[in-house]
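What follows is a set of notes on a single structure, which appears directly below.
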Amino acid sequence: MKYTTRQSAILLLSDGTIFHGKSIGISGKTFGEVCFNTGMTGYQEIFTDPSYFGQIMVTTNPHIGNYGINDLEVESESVKISGLVCKNFSFNYSREGASGSLEDYFAKQNLICISDVDTRALVSYIRDNGAMNAVICTDGTSIEDLKKELANVPDMEGLELASKVSTKEPYFIGDENATYKISALDLGIKKNILRNLAKRDCYIKVFPYDSTYEDLTAFNPDGYFLSNGPGDPDPLYGAIEVAKRIIAEDKPLFGICLGHQVIALANGVKTYKMFGGHRGINHPVKNLLTGKGEITSQNHGFAVKREALEGHPELELTHIHLNDETVAGMRMKNKNCFSVQYHPEASPGPHDSSYLFDQFVENIKLAKV
């Protein structure tokens, strides 16, 4: 194998901390909120997850790119992370089902990546100091210039990003002759969510983030779905109003991640930005209704305020995160509405929570009786 000298690169955090590494060969700089994911597999699904828009991803798994990429293993049509930080970037890959290398995949989309970083030290630093804005630089720009540019990057708190990743036009998924019809509001929806609904005899019409209740209702759906997505839920006034209308009409409603937070806000329950967030495929959750535990896939930097939820007369806490006892799920006591903070479609991740899609379809069946 020919030895190749690689350009030095840096990761500069907004507090001035610098981590050194090497460029994989794509020159430039990229900005975003730095976060980390603890998943051992599924890097391509993570990189294409719209919920990660605006974030620089740190992977704790030391080897990234070793099994290449596969065109079928995407959660959207393009890479959504702002940049990648990893320990060992594999330029070569070994996997029978691979359709190409991660290097070529990134090059086509001009995704800036820094490798050879002490990611254990970096993740420990983020855990201790919280998620913050950062810049990856592979083109030699001076530290002082980078600090000036980084100072102008908006914080994630208060930032509306659903509009950056949502579909521009409505589209359909599934069999048009399916038993059930669902209107899905796309705040950054993952493809595997739609696959899970379609394989449960559902025909889905996916609507842009700024669609109205009237838009969604014109499809004459049997149920409504509010998707995952990036950014702060608080500025999503239109989606919150849609949720209020659906709840008022007592139509079957299911929300995941950002959609879960929108449902909370529609009920007057506030959300907040977490210190570090939850991102990985091994997060333990307890279902308070059944007493059973679930290992879940999670990706969120905002959460619903538990005390406010538990004090709400019409809401019930149904799931908690066992690491920190934050809200992982809820339902309305007097309406056909429930939601979870994690990802039951689990792409990547375990399938412990896929029953939630069955629960949604069952709620639709009961509403049709």
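Numbers here simply count residues along the sequence, with the first being 1.
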Quick check: do [X] and [Y] have side-chain heavy atoms less than 4.5 Å from each other?
X: Leu84; Y: Val79; answer: no
X: Leu315; Y: Met332; answer: yes
X: His321; Y: Gln341; answer: no
X: Ile182; Y: Ile364; answer: yes
X: Glu362; Y: Lys365; answer: yes
X: His283; Y: Ser297; answer: no
X: Ile126; Y: Cys35; answer: no
X: Glu314; Y: Lys335; answer: no

Quick one: are the ring centres of Tyr203 and Tyr180 less than 6.0 Å apart?
->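 Ring centroids of Tyr203 and Tyr180 are no less than 6.0 Å from each other.
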Take Tyr105 and Thr48, measure what side-chain contact (heavy atoms from CB on, under 4.5 Å) needs, and give me the verdict at the end.
-> CA-CA 11 Å; Tyr105 190 62; Thr48 56; 3.3 Å; yes
Does CZ in Arg195 sit with more than 12 non-hydrogen atoms of other residues, nucleotides or ligands closer than 6.0 Å?
->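 Counting neighbours around CZ of Arg195, more than 12 heavy atoms of other residues, nucleotides or ligands fall under 6.0 Å, so yes.
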For atom NZ of Lys148, is the number of surrounding heavy atoms from other residues, nucleotides or ligands below 6.0 Å larger than 12?
->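 Open.
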[X] side chain to [Y] main-chain N or O, any donor-acceptor pair under 3.5 Å?
X: Ser339; Y: Ile256; result: no
X: Asp186; Y: Val206; result: no
X: Asn133; Y: Ser14; result: no
X: Gln261; Y: Phe302; result: yes
X: Ser183; Y: Leu216; result: yes
X: Asp201; Y: Ala178; result: no
X: Thr212; Y: Asp215; result: yes
X: Ser166; Y: Ala162; result: no
X: Ser23; Y: Ile114; result: no
X: His312; Y: Asn267; result: yes

Under 4.0 Å between a Lys/Arg side-chain N and an Asp/Glu carboxylate O for [X] and [Y]?
X: Lys190; Y: Glu45; result: no
X: Arg6; Y: Asp116; result: yes
X: Arg331; Y: Glu316; result: yes
X: Glu307; Y: Lys270; result: no
X: Lys273; Y: Asp232; result: no

Consider only side-chain heavy atoms of I, L, V, M, F, W and Y, link residues closer than 4.5 Å, and tell whether Met156 and Val135 are in one cluster.
->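 No, because Met156 and Val135 fall into different hydrophobic clusters, even though each may have its own neighbours under 4.5 Å.
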With hydrophobic residues grouped by side-chain heavy-atom distances under 4.5 Å, do Ile112 and Phe36 end up in a single group?
->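 Linked, Ile112 and Phe36 end up in one cluster.
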What heavy-atom pair brings [X] and [Y] nearest, and what distance separates the two atoms?
X: Leu187; Y: Ser227; result: N-OG, 2.8 Å
X: Lys80; Y: Ser78; result: NZ-OG, 2.9 Å
X: Val34; Y: Ala131; result: O-CB, 3.7 Å
X: Leu258; Y: Gly231; result: CD1-O, 4.0 Å

Verdict with supporting geometry, Arg200 and Asp358, salt bridge (charged side-chain N to carboxylate O under 4.0 Å, His left out) | CA-CA 8 Å; Arg200 287 169 170 81; Asp358 298 324; 2.6 Å; yes
Would you check, one step at a time, whether the test side-chain hydrogen bond (donor to acceptor under 3.5 Å, both in side chains) holds for Thr217 with Tyr224?
-> CA-CA 9 Å; Thr217 303; Tyr224 296 81; 3.1 Å; yes
Taking atom [atom1] of [X] and atom [atom2] of [Y], what is their separation to the nearest 0.5 Å?
X: Leu265; Y: Lys305; atom1: CG; atom2: NZ; result: 10.5 Å
X: Phe207; Y: Lys205; atom1: CZ; atom2: NZ; result: 4.0 Å
X: Cys86; Y: Ile64; atom1: SG; atom2: CD1; result: 6.0 Å
X: Ile295; Y: Tyr342; atom1: CD1; atom2: OH; result: 11.0 Å
X: Cys257; Y: His343; atom1: SG; atom2: NE2; result: 3.5 Å
X: Lys147; Y: Ile18; atom1: NZ; atom2: CD1; result: 6.0 Å

Steps toward side-chain hydrogen bond (donor to acceptor under 3.5 Å, both in side chains) verdict (Gln298, Thr296) | CA-CA 6 Å; Gln298 303 209 4; Thr296 69; 3.1 Å; yes
Distance-only polar pair, side chains of Ser347 and Glu75, donor-acceptor under 3.5 Å =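 A donor-acceptor contact under 3.5 Å links the two side chains.
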If we ignore angles and hydrogens, is there a donor and acceptor under 3.5 Å between the side chains of Asp15 and Asn129?
->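 No, Asn129 and Asp15 have no side-chain donor paired with an acceptor closer than 3.5 Å.
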Carefully, step by step, assess Tyr52 and Phe47 under the rule ring-ring contact (aromatic ring centres under 6.0 Å, His included).
-> CA-CA 7 Å; Tyr52 281 121; Phe47 300 159; 8.7 Å; no
List the steps, then state whether side-chain hydrogen bond (donor to acceptor under 3.5 Å, both in side chains) holds for Thr59 with Asn61.
-> CA-CA 5 Å; Thr59 49; Asn61 183 6; over 6 Å; no
According to the interplanar angle, ranging from 0 to 90°, do the rings of Phe19 and Tyr125 count as parallel (below 30°), tilted (30 to 60°) or perpendicular (above 60°)?
->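 Perpendicular.
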Hey, can you tell me if Phe357 and Phe254 have their rings parallel, tilted or perpendicular (30° and 60° cut-offs)?
->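 Perpendicular: the ring planes of Phe357 and Phe254 meet at over 60°.
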